[in-house]
Amino acid sequence: MLAVTACSSGTQESAPPAAPAVSASAGQQSTASPSSSTSGRSTSMTIRVTLDGRPAEATLNGSPAASDFAALLPLTLQLEDFHSTERVADLPRKLDTSGAPEPVAAKAGDIAYYAPWGNLALFYQDGPAPSADLLILGHLDASADQLGRAKRITIEPAS
């Protein structure tokens, strides 16, 4: 059983245990296309996201952590609420955070990674002040309501 932990608090509080996450092995390639990204990198990759069975558009930025996250795909994760701001889930392993861009505050729709605990966060409200521990991986085009209620996310490389 995986435990879901906080990703935007300065204290290490544990959230209630999440349902087990289901992940499939990686091995598919993502397609990259040039564009401006939240991290300030020049390359982004489109990914396919399904929230509770409903598709949503999403892109990952060109940061090393986002590339490492893409290597984990496809993933299906159970989501839990944290601080009425984000939905969180543990990843199968910690991501490489070397070469991380300057910290920025998370905005609604951001896909982020909280490095100390290795969890993924989907922000449905704007997040806290910038923190070097919180890396923005990309952005998800879904309403705050849809993100705030999401219980399950499937993330796959774009074909």
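Since the model is a prediction, treat every value here as computed from it, not as a measurement.
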Could you tell me whether the side chain of L95 reaches within less than 4.5 Å of the side chain of L135, counting heavy atoms only? no
Where is the tightest heavy-atom contact between P74 and P157, given as atom of each residue plus distance? N-CD, 4.2 Å
Is any side-chain heavy atom of Y113 less than 4.5 Å from a side-chain heavy atom of L91? yes
Could you tell me whether Q146 atom CD has more than 12 heavy atoms of other residues or ligands within 6.0 Å of it? yes
Taking every heavy atom of A129 against every heavy atom of A105, the minimum-distance pair comes out as C-CB, 4.3 Å
Could you pull out the closest heavy-atom pair between S63 and I136, with the gap in Å? OG-O, 4.3 Å
Going by heavy atoms in the side chains, are D81 and R87 under 4.5 Å from each other? yes
Measure the CG-OG1 distance between L147 and T85 for me, rounded to the nearest 0.5 Å. 12.5 Å
Shortest non-hydrogen contact from A108 to D126? N-OD1, 3.0 Å
To the nearest 0.5 Å, how far apart are OG1 in T59 and CD1 in I47? 7.5 Å
To the nearest 0.5 Å, what is the distance between OG1 (T50) and CZ (R152)? 10.0 Å
Taking the side chain as every heavy atom from C-beta outward, state whether V88 and W117 have any pair of such atoms under 4.5 Å apart. no
Go through L79 and K151 one step at a time and tell me if the side-chain contact (heavy atoms from CB on, under 4.5 Å) criterion holds. CA-CA 5 Å; L79 299 168; K151 298 200 180 297; 5.6 Å; no
Only residue of T97, D96, L137 satisfying side chain to side chain contact (heavy atoms under 4.5 Å, CB included) with D68 is D96
Can you find a pair of side-chain heavy atoms, one from L122 and one from L51, that are under 4.5 Å apart? yes
Return the CE to CG distance between M45 and L73, rounded to the nearest 0.5 Å. 9.0 Å
Atom of G62, atom of S67 and distance for their closest heavy-atom approach: O-OG, 4.4 Å
I'd like to check L120 versus L75 (side-chain heavy atoms, cut-off strictly below 4.5 Å). Are they in contact? no
Pairwise distance NZ(K94) to CG(N119) - rounded to 0.5 angstrom: 9.0 Å
Please tell me if the side chains of S143 and Y124 come closer than 4.5 Å, counting only heavy atoms from C-beta onward. no
Nearest-0.5 Å distance, CD1 of residue I111 to CG of residue L60: 5.5 Å
